[in-house]
Colleague: 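Pasting a structure here, questions to come.
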Amino acid sequence: MKQILVATDFSQYATQALDRAVLLATEHQAALDILHVITPASVDALCELLPDPRPVVEENLTNSFFSQLYDFVDRLEPARPITIRPRVRIAEVEAGIIEAAESCDADLIVLGSHGEHFADELFVGTTAENVLARGTRPVLIVKQKADEPYGKIGVAVDLTERSAATVREAGALAPNATILLLHAFQVPNHDRLRQLGVPEEQIRRLRSDFHDHAVREIDKLVAECEDSRISRAVEMDYPPAMIRRWTEKLHFDLIVMGKHGGRLGSVARHALRSSVCDVMIG
């Protein structure tokens, strides 16, 4: 990891994300860009209150936020031997983050779990979800205080080729963490079979066959990774329920999962909204 981008709106949630981004940049000796996005609506609101022409308002507002970011960098740099660059853009929030990530070729985008206007996001979708839906780079959503590097990671995997890349991303992000691969399988029409009178023994056999197949495939994935930090759990369950249960049991610092076919699936959306620990989606 050579380049990290963290977006901040100076809220409590963004401060947690900023702390985690600094910790990761220090751990990986990566450059860190700190971005604040000014929305056109914010500029419009100020233009209605001030007599200055719009270009002057934009320049003054941009300089003000640059000053705020540089104050933070000045306080941080003596203790952190990393390259930190403040960035300010005028754009819609998601577009500004994605464009900045492309501009600096970010290996990772770091965001807070909620923005400054959390109540509105309940209705229009979170910034993180929108960036994930529109962008192509891994996104880390920070929900907890960043007191130390990640130590326990749960990686949600399926039986697709994408899972191997997801495991590698998790291992690269936290080189000293233990990693548990989580695979929840479901037997198609499981309850319907019972309702239709299929013998219980036959249902148990079917469930066992699905379990054994999933175990073989996940064990192959573990073997291919050649990483002694990795273990696995395979269960018949609803994926979000399994992720939640193991998070509570092992106290994960981070959940990692991939997109499905380049899109944000329902399991990932559930983790983003309900997980108590940080979530990275690649």
Side-chain angles (χ1 to χ4, degrees), residues 1-26 28 30-121 123-142 146:
M1 189 177 298
K2 297 179 181 179
Q3 177 67 54
I4 297 172
L5 172 73
V6 58
T8 180
D9 61 4
F10 304 102
S11 66
Q12 169 195 342
Y13 301 102
T15 299
Q16 290 182 175
L18 195 55
D19 290 343
R20 175 58 69 183
V22 169
L23 192 60
L24 285 170
T26 304
H28 291 270
L32 176 64
D33 280 23
I34 305 176
L35 170 71
H36 178 72
V37 179
I38 304 168
T39 63
S42 300
V43 179
D44 292 342
L46 281 176
C47 286
E48 292 180 2
L49 298 173
L50 299 173
D52 302 315
R54 187 181 187 90
V56 174
V57 172
E58 290 182 350
E59 182 179 2
N60 290 340
L61 192 58
T62 299
N63 289 340
S64 173
F65 281 116
F66 260 122
S67 178
Q68 198 168 345
L69 290 173
Y70 273 115
D71 285 344
F72 172 80
V73 173
D74 288 342
R75 292 194 303 271
L76 192 64
E77 280 190 326
R80 300 283 183 175
I82 55 176
T83 300
I84 305 176
R85 295 179 292 245
R87 298 280 187 256
V88 178
R89 284 175 175 257
I90 299 176
E92 298 299 339
V93 175
E94 291 84 3
I97 293 171
I98 292 170
E99 290 165 5
E102 292 294 328
S103 175
C104 71
D105 194 20
D107 298 301
L108 180 69
I109 299 171
V110 182
L111 303 174
S113 57
H114 306 301
E116 185 178 10
H117 305 292
F118 176 47
D120 292 338
E121 289 182 343
F123 300 97
V124 302
T126 66
T127 296
E129 286 185 24
N130 291 333
V131 170
L132 279 163
R134 296 172 55 187
T136 59
R137 297 172 188 270
V139 177
L140 172 65
I141 297 89
V142 178

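Just the heavy atoms: all of them, side chains too, but no hydrogens, waters or symmetry mates, feed the values below.
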Colleague: For Ile109 and Ala101, which heavy atoms make the closest approach, and how far apart are they?
Modeller: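 So the minimum-distance heavy-atom pair works out to CD1-CB, 3.6 Å.
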Colleague: Atom OG1 of Thr26 and atom CD1 of Ile84: how far apart are they, to the nearest 0.5 Å?
Modeller: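 Those atoms lie 7.5 Å apart.
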Colleague: Any heavy-atom pair between the side chains of Phe10 and Leu69 that's under 4.5 Å?
Modeller: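 They are in contact (side-chain heavy atoms under 4.5 Å apart), so the answer is yes.
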Colleague: Could you grab the distance from atom CE of Met1 to atom CG of Leu108, nearest 0.5 Å is fine?
Modeller: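 The distance works out to 5.0 Å.
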Colleague: For Arg87, what residues pass the side-chain hydrogen bond (donor to acceptor under 3.5 Å, both in side chains) criterion, not counting sequence neighbours?
Modeller: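 Expected list: Asp33.
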Colleague: Of all residues at least two apart in sequence or in a different chain, which pass the side-chain hydrogen bond (donor to acceptor under 3.5 Å, both in side chains) check with Glu58?
Modeller: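 Result, side-chain hydrogen bond (donor to acceptor under 3.5 Å, both in side chains) vs Glu58: Arg54.
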Colleague: Looking at CG of Asn63 and OH of Tyr70, how far apart are the two atoms once the value is rounded to the nearest 0.5 Å?
Modeller: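 Output value for this atom pair is 10.5 Å.
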Colleague: Listed by chain and number, what are the side-chain hydrogen bond (donor to acceptor under 3.5 Å, both in side chains) partners of Thr136, not counting sequence neighbours?
Modeller: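 Residues passing side-chain hydrogen bond (donor to acceptor under 3.5 Å, both in side chains) with Thr136: none at all.
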Colleague: Got a sec, which pairs hit ring pair (Phe, Tyr, Trp, His ring centres under 6.0 Å) with one end in residues 94-113, sequence neighbours left out?
Modeller: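 Non-adjacent pairs meeting ring pair (Phe, Tyr, Trp, His ring centres under 6.0 Å): zero.
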Colleague: Could you tell me whether the side chain of Leu23 reaches within less than 4.5 Å of the side chain of Arg20, counting heavy atoms only?
Modeller: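 In contact.
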Colleague: For the residue pair Leu50 and Val57, what are the closest heavy atoms and their distance?
Modeller: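 Nearest heavy atoms, Leu50 then Val57: CD1-CG2, 4.3 Å.
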Colleague: Can you tell me how far CD of Glu59 sits from CG of Asp52, rounded to the nearest 0.5 angstrom?
Modeller: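 That separation rounds to 10.5 Å.
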Colleague: If we ignore hydrogens and angles and just use 3.5 Å, is the side chain of Asp107 paired with the main-chain N or O of Gln3 as donor and acceptor?
Modeller: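 Yes; judged by distance alone, with no hydrogens or angles, the pair exists.
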Colleague: With sequence neighbours excluded, tell me which residues meet side-chain hydrogen bond (donor to acceptor under 3.5 Å, both in side chains) with Asp19.
Modeller: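 Listed in chain order: nothing, the list is empty.
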Colleague: Hey, does Leu61 have a side-chain heavy atom less than 4.5 Å from the side chain of Ile90?
Modeller: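 They are not in contact (no side-chain heavy atoms under 4.5 Å apart), so the answer is no.
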Colleague: If you compare all heavy atoms of Ala21 against all heavy atoms of Val6, which two are closest, and at what distance to 0.1 Å?
Modeller: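 For Ala21 and Val6, the tightest heavy-atom pair comes out as CB-CB, 3.6 Å.
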Colleague: Could you list the residues that satisfy salt bridge (charged side-chain N to carboxylate O under 4.0 Å, His left out) with Glu99, not counting sequence neighbours?
Modeller: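 Expected list: Arg89.
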Colleague: For Thr39, run the side-chain contact (heavy atoms from CB on, under 4.5 Å) check against Val93, Asp9, Asp44 and tell me which one passes.
Modeller: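 For Thr39, the side-chain contact (heavy atoms from CB on, under 4.5 Å) check succeeds only for Val93.
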Colleague: Which atom names give the shortest non-hydrogen contact between Ile98 and Gly135, and what distance separates them?
Modeller: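 Closest heavy-atom pair between Ile98 and Gly135: CD1-N, 3.9 Å.
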Colleague: Considering non-hydrogen atoms only, spot the tightest contact between Pro86 and Phe66 and give its length.
Modeller: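 Taking every non-hydrogen atom into account, O-CE2, 3.5 Å.
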Colleague: If I compare all heavy atoms of Ala17 with all of Leu111, which pair ends up nearest, and what's the gap?
Modeller: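 Nearest pair, atom of Ala17 first, then Leu111: CB-C, 3.5 Å.
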Colleague: Among Ile97, Val37, Ile141, whose side-chain contact (heavy atoms from CB on, under 4.5 Å) with Thr127 holds?
Modeller: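 The option that passes is Ile97.
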Colleague: So, the side chain of His36 versus the backbone of Thr8: is there a donor-acceptor pair under 3.5 Å, distance only?
Modeller: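 Yes; judged by distance alone, with no hydrogens or angles, the pair exists.
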